[in-house]
Amino acid sequence: MTQFSIKELQEKDQGIHAFLEFFDEKKIDQQIEESKKRIEQGNPLSAIDGKTVAIKENFVWTNGKTNAASKILKDFEAPYTATAVQKIIDAGGIIVGKTNMDEFAFGSSTENSAYGPTKNPHDLDRVPGGSSGGSAAAVASGMVELAIGTDTGGSIRQPAAFCGVVGFKPTYGAVSRYGVIAYGSSLDTIGTFGKTVKEARELFEVMAGKDVKDATSIDIENSKFETLNSKQAPHSKLKTQNLKIGLPKEFFAEGLDPRIKNAIDGVVEKIKSQGAEVVEISLPSLPYALACYYIIAFVEASSNLARYDGVRYGFSIENSKSKVTSRLERRDPSASLGMTKEGVGMTLLDIYQKSRAMGFGEEVKRRIMLGTYVSSAGYADKYYHQAQIVRQEIKKEFDDAFSKVDCIFAPVTPTLPFKFGENTDDPVKMYLEDVYTVPINVAGIPAISIPIETAQEGDKKLPIGMQILGKQRDDYNIFNIAQNIEDLISKS
Ligand code: GLN
């Protein structure tokens, strides 16, 4: 790339709305120049030096605003930069802007963004998935080479599948969460998007590693040159004939679009013809994973979102007094909550309640209320503590499975990309979209979503993705297996 044009990018983005903010063009040009010099001199900082990168809107940085696609963080400027973002900058990645998402990463379609939805580049009438829909669409449409997102219950893998790109969710803790706006702290992970497995991996390598600013972060051993079968000599090529793959029968039951099932069957046949062994396995608690996830995620979200009080960050009702005053003046002061006698002043409680009522969207409010309810005294035993027990069981079942197989194949989504508005009236229908992705976050294991086929829908070709799951810390082996499958598909 010689010269970068934000104007071109903006024009391209008009029909898609993948971006919420673009970075300063002059600075981008300067970074590209510096990177070019390094590459010419044979001294690139990393494999991503000079590559364009988009950042999901829930990573804080000091180069612009951060709003997590919420009105409550409108115009918020963070005083520091997320570790993952800093590592990309240090590696020579060219950050061009911040991408759209569901508000606070709550959703599966980007329809929950306070700033309008992102469209699927393959069919503009359809959602790109979510919550990292902007990042997936930005890569799929070629507006950037790479993107990062967060995955708490599928927010990287599901939009990757809907947009036909590669999306990687690492082991919990493999990338520091420092500077990422928290959703569900025990589930949140940071991962990557690329057109190819290699690109998604290179970006992950840049971001991965223990960080003193996140006590849950860990180092993942880079086994990239090792074979899957440890008995073989290192540095030899990955051998598929030693691979044992599990297909959990619970994942291929009712509710899965037959076109997705057929596409995965096709990959299974191909890998079998290379000598891999494919066996059916059972993870009996999988059907409970969705309920378990939504209880834990909502509880953690309601706690994490308590900090948006209209005082410390972004939007405050206090700063939009004209609207408030006129509303308050119409009210009966005696019926109001903690107002001063004049009926125009506000107590602290007023500021909290009204800022939150106006600043948060519907889905966010729903989750705060449900999360508070299921963790409140008297209900926590029935819901939250039960969910924790189920979570342990799911983890154990995955551990058992990985003592028998090297990896697991699974669908990413039960359906093809759906149309705007199709699932918005029924939150439970929307939550069901996450049935194959959330168990992975509940167990804290790594998984990748790779495009394997397309399905003809009218005059459009819609992408189909497949997940490859591995045991904790097996991130690089998952990349190896995914690379193998990508090669097999491109050869056929
Ligand atoms: N769709 C899921 C949810 O709404 C997952 C979102 C995510 O991974 N951030 O919770």
Side-chain angles (χ1 to χ4, degrees), residues 56-59 68-70 99-113 117-118 127-136 147-163 167-170 172 175 177 180-193 289-305 360-371 374 387 391 411-415 417-418 422-424 426-449 465 467:
K56 190 177 179 179
E57 190 39 275
N58 57 351
F59 287 82
S70 180
T99 54
N100 199 14
M101 56 185 276
D102 287 293
E103 182 175 1
F104 285 108
F106 299 171
S108 313
S109 66
T110 72
E111 289 168 290
N112 296 336
S113 167
T118 298
V127 303
S131 63
S132 317
S135 287
I148 61 170
T150 53
D151 190 316
T152 304
S155 274
I156 289 176
R157 290 158 289 150
Q158 188 253 21
F162 276 8
C163 291
F168 177 67
K169 175 237 174 273
Y172 178 80
V175 177
R177 288 180 293 119
V180 181
I181 294 182
Y183 165 4
S185 305
S186 77
L187 302 156
D188 290 343
T189 56
I190 290 105
T192 59
F193 293 92
L290 195 71
C292 165
Y293 166 81
Y294 270 105
I295 289 172
I296 293 171
F298 285 9
V299 170
E300 293 184 8
S302 65
S303 162
N304 275 326
L305 265 58
F360 287 140
E362 287 307 302
E363 183 61 26
V364 177
K365 288 179 196 164
R366 180 179 297 124
R367 292 183 183 212
I368 291 173
M369 285 190 280
L370 283 168
V374 296
R391 183 175 197 176
V412 189
T413 57
T415 66
F418 48 91
E422 215 174 296
N423 288 335
T424 37
D426 182 355
V428 175
K429 219 173 142 203
M430 189 70 96
Y431 302 160
L432 277 168
E433 283 295 325
D434 307 327
V435 65
Y436 303 126
T437 49
V438 298
I440 285 82
N441 301 73
V442 167
I445 57 177
I448 194 165
S449 168
Q467 273 191 107

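Remember, it's 1-based here, ligands and their atoms both numbered in the order they're listed.
- Regarding atom 5 (C) of ligand 1, its nearest protein heavy-atom neighbour is Y293 OH, 3.4 Å.
- For the pair P414 and L432, the tightest heavy-atom approach, listed with the atom from each and the gap, is CG-O, 3.8 Å.
- Looking only at side-chain heavy atoms (C-beta outward), F360 and E103 come within less than 4.5 Å of each other.
- If you look at Y183 next to ligand 1, the close heavy atoms, those under 4.0 Å, all belong to the side chain.
- Proximity to S131 (heavy-atom distance under 4.0 Å) selects the following atoms of ligand 1: 9 (N).
- Going from atom NZ of K365 over to atom CE of M369 covers 8.0 Å, rounded to the nearest 0.5 Å.
- No option in K169, R177, R157 other than R157 meets the salt bridge (Lys or Arg N to Asp or Glu O under 4.0 Å) test with D151.
- Checking only distances, D151 never comes within under 3.5 Å of ligand 1, N or O to N or O.
- Near T152, meaning under 4.0 Å from any of its heavy atoms, are these atoms of ligand 1: 7 (C), 8 (O), 9 (N).
- A heavy-atom distance below 4.5 Å is found between the side chains of F418 and M430.
- For atom 7 (C) of ligand 1, the nearest non-hydrogen atom of the protein is S155 OG, 2.4 Å.
- Side-chain contact check for S70 versus F104: some heavy-atom pair is nearer than 4.5 Å.
- At least one heavy atom of R367 lies less than 4.0 angstrom from ligand 1.
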Between T118 and N100, does the side-chain hydrogen bond (donor to acceptor under 3.5 Å, both in side chains) criterion hold? Intermediate values first, please. CA-CA 7 Å; T118 298; N100 199 14; 3.0 Å; yes
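- In this structure, atom 2 (C) of ligand 1 lies nearest to the protein heavy atom D434 OD2, 3.2 Å.
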S186 vs E300, test: side chain to side chain contact (heavy atoms under 4.5 Å, CB included). Steps then yes/no. CA-CA 8 Å; S186 77; E300 293 184 8; 2.6 Å; yes
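- Proximity of M430 to ligand 1, defined as any heavy-atom pair under 4.0 Å, is not found for any part of the residue.
- Of all the atoms in ligand 1, the ones that sit under 4.0 Å from a non-hydrogen atom of A105 are 6 (C), 7 (C), 9 (N).
- Ring geometry for Y293 against Y183 counts as perpendicular: the plane angle is over 60°, on a 0 to 90° scale with 30° as the lower cut.
- Under the 4.0 angstrom criterion for non-hydrogen atoms, Y294 is in contact with ligand 1.
- Residue G154 places a heavy atom less than 4.0 Å from ligand 1.
- For G130, no nitrogen or oxygen atom sits less than 3.5 Å from a nitrogen or oxygen atom of ligand 1, counting backbone and side chain alike.
- For the atom pair CZ (F298) and CD1 (I368), the distance works out to 11.0 Å, reported to the nearest 0.5 Å.
- Among the atoms of F106, none of the N or O lies under 3.5 angstrom from an N or O of ligand 1.
- Near G153, meaning under 4.0 Å from any of its heavy atoms, are these atoms of ligand 1: 5 (C), 7 (C), 8 (O).
- Taking distance alone, with nitrogen or oxygen atoms compared against 3.5 Å, S108 approaches ligand 1 more closely than that limit.
- Of all atoms in ligand 1, numbered sequentially from 1 with element shown, those under 4.0 Å from a heavy atom of G107 are 1 (N), 2 (C), 3 (C), 4 (O), 6 (C).
- The shortest distance between side-chain heavy atoms of Y294 and D434 falls below 4.5 Å.
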